[in-house]
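Sending over a structure as structure tokens; questions will come in a sec.
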2 protein chains.
Amino acid sequence: MAINDLSKDLAPISSNTMADIVEIKLREYLKKKSFRPGDALPKELELAEALGISRNVLREALSRLRMLGMIETKKKRGMILARPDILGSFERVLDPLIIDNNTLQDIFELRLVLEMGLADLLYIRKTDKDVEELENIAKKEAKLDESFRIKSEIAFHGKLYDMTGNDTLKRFQIMLMPIFDYVLTQEKKPIRGKVNHMDLVQILKTGTKEDFKIGMQAHLQPHFDRINKIKTNK
Amino acid sequence: MAINDLSKDLAPISSNTMADIVEIKLREYLKKKSFRPGDALPKELELAEALGISRNVLREALSRLRMLGMIETKKKRGMILARPDILGSFERVLDPLIIDNNTLQDIFELRLVLEMGLADLLYIRKTDKDVEELENIAKKEAKLDESFRIKSEIAFHGKLYDMTGNDTLKRFQIMLMPIFDYVLTQEKKPIRGKVNHMDLVQILKTGTKEDFKIGMQAHLQPHFDRINKIKTNK
DNA sequence: ACATTTGATATGTAGTACATAAATACTAAA
DNA sequence: TTTAGTATTTATGTACTACATATCAAATGT
């Protein structure tokens, strides 16, 4: 545990390059001046001069903010503050091959937590049409051979997130999926809970929120069993 | 809803600037060559030449990857691929003042979902020591006046995430907190559930996982009520 | 009054030059 | 031969200049 007490406790050391510093300074500047999306920013030369740096360094810092979607620029209009896509930056970094194993496991668990917590929102927002569509997905499943099983798995759980009416949550789930899959493929054999998709649909149709929670728990039980097994390894 | 079918369906249009394109190309390059953390990258001049661009543009793209923690550079050693901090980039963008209201609401709900889903992980990992510490937090609470109530609220729920032993989850919660608070302060009066922190501690001590889920639901009920109210507005 | 041209301007890209830090090679002393 | 210290080399970091390009705005012509 204790990821990095060391690096936390004892130093940002030297805030590396100028671009790093300028990036921070720009952030502070935008905050202090309480710019709002759409507001125009000073032009590059003015900023560079004010900061006492070359336009080059400034542009490296601006490039970062631009990537995050915090600013937008047009040829003559100059720069304006924009609304960043909060998940966009996150998405850029989510590559299972780069992330270390501990974090992969963390994210796997994170998705389980989400899945377990969906029920309340789901029961607030679900519609009959939603449930019907979900049922169709589950029905088709029976006819599919194993190779298409994964696709259906994704479709089903994706639809669940869909039904919460929470776009951010939905996107978040989509982004986490590759990692979820990756961790699973590290496992030997596919695991299946005692409650299947069709069962869950039935609960959604006639059961209570509490029923659904219990059902989902049973559905994901194999994953929790696995976590229990490696619990000590952490 | 359908956030933006339009922008999704019909175009990234022109991937704006060179830096944008180079950023993508570099990403593809790193992936295709399946570089691993620690591997050395070609030097700037070589990359720039290979891409047929100025070193300037290249550095703008590199600056982005460096910000995300995907690469690290040292004066003579050159560049190496690094492990990005997956939440670091996310953190940079999480400013309640910039995020639009719909997304704020989404994130608020996201945190509720997390909170509701914690139980399973919690019951796998919690220790007596953890519960004891949690109890201390809840006990102190009684003596505090209203102004310190928020701090304790944070400490209590933070400790819950702590107890899951999932560092990523914990950090995620910390990052989401300002937004959670922000949305709450938009409300008139502070809301309080029928189950308080001390009750939750008692459940953790002697109750089952299911008891805890029910308890947490009751604790958060006011928030869900609020969601139910604005359900139609979406 | 309207359409077209022209100019001004802010960002985008390229290229050169030099500073700086760090690894390597080299030199001189023990 | 070893070791300490110095010089050299090299890749990144920073600065500056020049020009391309797109767009807004004013000037011009019909």
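In the text below, chain A, chain B and the rest are named by the order of the sequence lines, each starting its count at 1. Please read all numbers here as calculations on a predicted model, not as lab measurements.
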**Message:** Counting only side-chain nitrogens and oxygens, does B:K76 get under 4.0 Å of the OP1 or OP2 atom of D:dT12?
**Reply:**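 No.
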**Prompt:** Taking atom C1' of D:dT12 as reference, at what distance in whole Å does atom CG of A:D20 sit?
**Reply:**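 That distance rounds to 13 Å.
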**Item:** Residue pairs passing the salt bridge (charged side-chain N to carboxylate O under 4.0 Å, His left out) test where at least one lies in residues 66-79 of chain B, sequence neighbours excluded
**Value:**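 Counting only pairs at least two positions apart or across chains, no salt bridge (charged side-chain N to carboxylate O under 4.0 Å, His left out) contact touches residues 66-79 of chain B.
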**Prompt:** OP1, OP2 of D:dT12 versus side-chain N and O of A:T17: anything below 4.0 Å?
**Reply:** no
**Asked** A:K74 NZ to D:dA20 C1': how many Å, rounded?
**Response** 20 Å
**Asked** End-to-end bend of the helix from C:dA1-D:dT30 to C:dA30-D:dT1 (five-pair axes, 10° rounding)?
**Response** 20°
**Request:** Starting from the 5' end of DNA chain D, give me the residue, B:R77 or A:A19, whose nearest nucleotide shows up first.
**Result:** B:R77
**Prompt:** Nearest-Å distance, CD1 (A:I80) to P (C:dT11)?
**Reply:** 12 Å
**With sequence neighbours excluded, residues passing ring-ring contact (aromatic ring centres under 6.0 Å, His included) with B:Y29** = B:F35
**Between P of D:dC16 and CD of A:E44, the distance in whole Å** =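 Distance check: A:E44 CD to D:dC16 P gives 15 Å.
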Got a list of protein N/O to nucleotides 15-19 of chain C N/O distances below 3.5 Å?
from	atom 1	to	atom 2	distance (Å)
C:dG15	O6	B:N56	ND2	3.0

**Item:** Electrostatic pair B:R171:A:D106 at N-O distance under 4.0 angstrom
**Value:** no
**Request:** Could you state the atom-to-atom distance from CD1 of A:I71 to C1' of C:dA10 in whole Å?
**Result:** 13 Å
**Nearest-angstrom distance from the residue atom CD of B:E23 to P of C:dT13** =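 One finds 13 Å between P of C:dT13 and CD of B:E23, rounded.
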**Request:** Scan for salt bridge (charged side-chain N to carboxylate O under 4.0 Å, His left out) pairs involving residues 40-50 of chain A, sequence neighbours excluded, and state none if there are none.
**Result:**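 Residue pairs with at least one partner in residues 40-50 of chain A: A:K43-A:E46, A:E44-A:R55, A:E44-A:R59.
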**Prompt:** Any side-chain N or O of B:R59 under 4.0 Å from OP1/OP2 of D:dT12?
**Reply:** no
**Spacing between A:L45 atom CG and D:dC19 atom P, to the nearest angstrom** = 16 Å
**Prompt:** In chain order, what residues pass the ring-ring contact (aromatic ring centres under 6.0 Å, His included) check against A:F180, with sequence neighbours excluded?
**Reply:**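 With neighbours one apart ignored, the set is A:F108, A:H223.
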**Message:** What I want to find out is whether B:D20 reaches B:R64 closely enough, with some N-O distance under 4.0 Å, to be called a salt bridge.
**Reply:** yes
**Request:** Would you indicate whether B:K25, at its atom NZ, is surrounded by more than 12 heavy atoms from other residues, nucleotides or ligands within a distance under 6.0 Å?
**Result:** no
**Short side-chain N/O contact to D:dG13 OP1/OP2 from B:T73, under 4.0 Å** = yes
**Asked** Whole-Å distance between D:dT10 C1' and B:K43 NZ?
**Response**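 In whole Å, D:dT10 C1' and B:K43 NZ are 7 Å from each other.
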**Asked** How about A:F172 and B:F172: are their ring centres within less than 6.0 Å of each other?
**Response**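 Distance test on ring centres: under 6.0 Å, yes.
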**Request:** State, to 0.1 Å, how close B:A40 and B:I80 come at their nearest heavy-atom pair, and which atoms those are.
**Result:** CA-CG2, 4.1 Å
